[in-house]
Amino acid sequence: MKRRHSTISADAKVLEPKQGSKSNRRKLSKSSGRLAGLLSLPMDILFEVFGHLLPIDLLHLARTTKEFRHVLMRRSSISIWRDSFSNVPDLPSFPPDLNEPQWANLLFDSHCHNCLRASVRTVEWRFRVRFCSKCSATKLVAMYEWELEFSPRLVAWRYASKPDTKYPGFKSKQCVYSQDEIDMFVKQVQAFDLEVDRPAYNAYIDARRLAVGNVMNHAKECEEWVVRCTDDRRQELQNIKRERVEAVIERLTELGWGDDISRLLPADSLVSHPLVNKPVPLTDRIWNNIRDQLEDYMEDMRKKRLDSIAFWKGARDVSVNM
DNA sequence: CACAGATGATTTAGGAGAGG
DNA sequence: CCTCTCCTAAATCATCTGTG
């Protein structure tokens, strides 16, 4: 697999600037002078600094100005990217058919690769693309195998092995293909004159099968990585929530609510209170914002408990007197 | 006073589960 | 199997607050 050497960036879309809000643009213009000053640093220092950034930071930086793009996208800057990737633990293996910015873009940039819509979480690792739901509908096609013009065994092109219910309208027995890749494959196959080029055609198909197999294996690795990341993140959020609950209980206890907290019914537990059950650490400022509401809540719960006690006491007295 | 960072409201994506 | 609804997490943005 030959790599291009002039720049790292093979795909202009990788460097497509993000659409910023007005406030973002204002911020950029105010701080641009300082960022630009970075480039006046000696190269070895610059490499050292950049090497401590995360890949997505490098990508964002390369999108800010032509100068940053020039520095970060040239072949001689590859060590920056390698250092940067080494800052992220537990990544899938580096795919040999992508370059570093493309790989960073696929892994970490959440924009649709087709329309640049933000916040797209679904990556099609088999096709090495991130598409929003709208673009998935146009750029991915669902077909039964027999619908393909060429034998699917030869195309072997990254089809879904199980129902892909995330695409509305796709039938479970259908396979999912990238329209662009089918077009490219068909074009390349049609370029062969099979009367003359049969050996070359066979070699092409063999190479294609091998390449597809490698990408499929790599996609599996990436999907497993996503599962691990999601699990880790879920755990992290649970820990933050738990610590917030503990912090709230501690502060309420300091205010004299400790006894009432221990007597709360499970259904009234602070764990499920909307102001408490949030994956955001409790700061002094947040505490100041929520304290009054939580004290009101504890007051209500105390009243509820005392009313309940009074009710049962009354009921008992009635039954004793009967 | 300007600025950076924190906060909270709102919007959006996507997963889980219920029901046809 | 498919669709719909609900819920959670993430992203975005305007506003607030603390600091120099």
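Quick note on labels: first sequence line is chain A, next is B, and so on, each numbered from 1.
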Can you list the residues that meet the side chain to side chain contact (heavy atoms under 4.5 Å, CB included) rule with A:E299, with sequence neighbours excluded?
A:W257, A:R302
Taking CG from A:L237 and P from C:dA9, how many angstroms apart are they, rounded to a whole number?
6 Å
To 10°, what angle do the rotation axes through the five end pairs on each side of the helix from B:dC1-C:dG20 to B:dG20-C:dC1 form?
10°
What integer distance in Å separates A:R130:CZ from C:dA11:P?
10 Å
Between A:N289 and B:dT7, is there a side-chain N or O to OP1/OP2 distance below 4.0 Å?
no
Regarding the side chain of A:K241, the nearest nucleotide among B:dG14, C:dA9, B:dT7 is C:dA9
Atom-pair distance (CZ on A:R244; C1' on C:dA9), nearest Å:
15 Å
When rounded to the nearest 0.5 angstrom, what distance separates CE in A:M73 from OG in A:S77?
9.0 Å
Can you tell me how far P of B:dG14 sits from CD of A:E124, to the nearest Å?
11 Å
Contact under 4.0 Å: A:R234 side-chain N or O vs C:dT8 OP1/OP2:
no
In this structure, how many angstroms lie between the P atom of C:dG18 and the CG atom of A:D284, rounded?
11 Å
Check each of A:H111, A:H113, A:E124 against A:R130 using the side chain to side chain contact (heavy atoms under 4.5 Å, CB included) test, and report the only one that passes.
A:H113
What is the distance, rounded to the nearest whole Å, between atom CZ of A:F108 and atom C1' of C:dA11?
18 Å
May I ask you to decide if the ring planes of A:W225 and A:F108 are parallel, tilted or perpendicular, using 30° and 60° as cut-offs?
perpendicular
What donor-acceptor contacts under 3.5 angstrom involve side-chain atoms of residues 307-315 of chain A, with partners at least two apart or in another chain?
{"from": "A:D307", "atom 1": "OD2", "to": "A:K303", "atom 2": "NZ", "distance (Å)": "3.3"}

Looking at every strand, decide which applies to A:S110 at a 4.0 Å heavy-atom threshold: base, sugar-phosphate, or nothing.
nothing
Can a salt bridge be assigned to the pair A:E224 and A:K220 using a cut-off of 4.0 Å between side-chain N and carboxylate O?
yes
Rounding to a whole Å, what distance do you find between A:N288:CG and C:dT17:P?
11 Å
A:K278 atom NZ is separated from B:dG8 atom P, nearest whole Å, by 6 Å
Check every atom of B:dG14, C:dA9, B:dT7 against the side chain of A:V120 and return the nucleotide holding the closest atom.
B:dG14
Output the distance between atom CG (A:L46) and atom CZ (A:F68), rounded to the nearest 0.5 Å.
7.5 Å
